[in-house]
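Before any comments, here is the structure.
All figures in this text were calculated on a predicted structure; none of them were measured in a lab. Here is how names work: the chains are called A, B, and so on, in the same order as the sequence lines, proteins then strands, and each is numbered from 1.
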Amino acid sequence: MTRIGSMFPEIWKHLFKKRATVLYPFERLNVPKDLRGKPILDEQKCSLKCKGACAIDCPAKAIVMEKVEEKGSRPVFLLDRCTFCGQCSESCPFGAIKLSEEFELAQYDRKSLVSKQW
Amino acid sequence: MSVSIPIGPQHPALKEPVNLTVTLDGEKIVDIDMRLGYNHRGIEKGSESRNYIQNIYLTERICGICNVAHTTTFCQGVEELLGLEVPKRGLFIRTLLCELNRIHSHLLWLGVAGHEIGFDTLFMYSWRDREIVMDLIEIVSGNRVNIAINAIGGVRRDVSDDMRAQILQGISQLEARSQYYLDVASTEVTFLRRTEGVGKLPKEKAIELCAVGPFARASGVEYDVRKDDPFAAYPYLDFKVRTSDRCDVLGTAIVRALEIVESCKMCRQVIEELPAGEIKAKAPRKVPPGEVVSKTEAPRGELIHYIRSNGTDRPERLKVRAPTLANIPSVLYSLRGGYIADIPIVFAAIDPCMACMDRVILLDTDHGKTKRVMTWEELRQHGMEWYADRKG
């Protein structure tokens, strides 16, 4: 059986329903617990002796190892390159990197996207 | 008298760059030819300078819509080279994400097909319902689009009991919605008039031209990698290969809608039968020399990756054959003899993904200005001179 306007009942029904979209940024949706957002470094756990397993495996080359007073090196995250895949937290042998729920990272200046967390 | 008109590479009707040369007799298409390669990004070459872990994310970016299919194929190939056995729980989670990805891809296609034929209500509603599956993917993987669940040797994230309940709830919603869309696609006159008998591809031709995926199954070819060469957890699941003998665009819409229903059932089976245990086996970084062909069923059809390793932590060669490329000869066949106004919908029936497909650039040295072919050494010399000139 064929008919015309078979989606009309659906449309009528939705006239009285809550809208499907939200008015961002006035309303916000809850993000899930394990969202892959901005990477956060735990300074206590990050070993200075590590050669940078995170930087070696980063597919976007978004992690640069920077020297800390001749003692060793620590990662700096370049958030403008980061693809938020979370491989750094996977590769870190000490579990020092976690991806946070922070996702609104846009900036006017590229330099302010360099995230040095130590 | 026939007229030949070029469409594309940049054209409002095309979502991605491709060049069609259509020869018309009035409104009828007499002949059609296609030129590809406008979306070449050098991914295969790029993979040679990255290690296997980085390559998972590179292959993921071949296509945004079927990214799980690409990473599954790649990881599967590398696991084969390593002789690594993936834990059963890992395989099940991989399958779950493959199926969620398929649901999302098919709902997206349904919307695009509606849009191409001017049925924008279908487009809006199916994309709204697609948000249900996008949310499920986000819960499991932490991102809506680039799922990044696969790792060499298994998967990266586990599915908790909490997630299982949420997935089951979402799946039953999606199942009801896909039944509704199946009903709309098979009864709505505006949809039927634009798709019935359009873009005919008989079964013999589909086999002859090696069509794959839902496009081939709509012509009655019962070919599905999930059934014929089972990978991941598909051997443990009970499902049917959905086909249609309509051989037209409506057939592909029906096959896709039925596949969403089937995928929902598979997701439920995976969630209910999820075995306990590890999700990932430890994989070495260096891969012994060898070569492998790995294939999976992407939402668009059979996807093939060829990987050759040389004992280092980087592949020597990666070749990707995306399903769209396999479907190009058959879609050109089904466009011939049709009307010019049907080009968008017939072309959309294969769910074209140029970014997936464009692996080479073909340079026409006979008609182009340059006719020189350089060796590697010459190219290197040329590059050094080029930079030296510009450095001043």
Validation row: B/M124, A/M7 side chains within 4.5 angstrom (heavy atoms) = no
ask   = Which bit of B/Y52 is near chain A, if near means a heavy-atom gap under 4.5 Å: side chain, backbone, both or neither?
value = neither
inquiry  = Between B/G142, B/S141, B/A151, who has the most heavy-atom pairs with chain A when the cutoff is under 4.5 Å?
reply    = B/G142
request  = With rounding to the nearest 0.5 Å, note down the distance linking SG in A/C85 to CG in B/N146.
outcome  = 9.5 Å
task = Select one option (side chain, backbone, both, neither) describing which atoms of B/R156 are under 4.5 Å from chain A's heavy atoms.
result = both
key: Under 4.5 Å from any heavy atom of chain A - which part of B/F119   = side chain
task = May I ask you to test the A/I56-B/R285 pair for a side-chain heavy-atom distance under 4.5 Å?
result = yes
query = With a 4.5 Å limit on heavy-atom distance, are the side chains of B/R61 and A/T83 in contact?
reply = yes
request  = Please look at B/N51 and chain A and tell me whether the side chain, the backbone, both or neither of the residue comes under 4.5 angstrom of a heavy atom of that chain.
outcome  = side chain
inquiry  = Strictly distance-based, threshold 3.5 Å: is any side-chain N or O of A/R36 a donor or acceptor partner for the main-chain N or O of B/A148?
reply    = no
request  = First locate atom CD of B/Q54, then atom OG of A/S91, and finally report the distance between them rounded to the nearest 0.5 Å.
outcome  = 9.0 Å
query = Would you say the side-chain atoms of B/E188 pair up with the backbone N or O of A/I4, donor to acceptor, closer than 3.5 Å?
reply = no
query = So which part of A/I11 gets closer than 4.5 Å to some heavy atom of chain B, the side chain, the backbone, both or neither?
reply = both
task = Would you indicate whether the side-chain heavy atoms of A/E90 and B/R157 approach each other to under 4.5 Å?
result = no
remark   = Comparing B/V140, B/I56, B/V189 against chain A, the one with the most heavy-atom pairs below 4.5 Å turns out to be B/V189
Beyond-backbone contact of B/M163 with A/D34, side-chain heavy atoms, under 4.5 angstrom = yes
query = Measuring from A/L29:CG to B/D135:CG, what's the distance to the nearest 0.5 Å?
reply = 7.5 Å
key: Contacting region of B/L122 [heavy-atom separation from chain A under 4.5 Å]   = both
inquiry  = Take a 6.0 Å sphere around CZ of B/R193 and say whether it holds more than 12 heavy atoms from other residues, nucleotides or ligands.
reply    = no
message = Just verifying a value: how many Å separate B/D162 CG and A/K33 NZ, rounded to the nearest 0.5 Å?
response = 8.0 Å
key: chain A contact via B/L58 - side chain, backbone, both or neither, heavy atoms under 4.5 Å   = neither
query = For chain B, which of A/L35, A/D57, A/T2, A/L99 has the most heavy-atom pairs under 4.5 Å?
reply = A/D57
ask   = Among B/V184, B/D183, B/N55, B/I139, which has the most heavy-atom pairs under 4.5 Å with chain A?
value = B/V184
Exercise: do B/Y57 and A/Q87 side chains pair donor with acceptor under 3.5 Å = yes
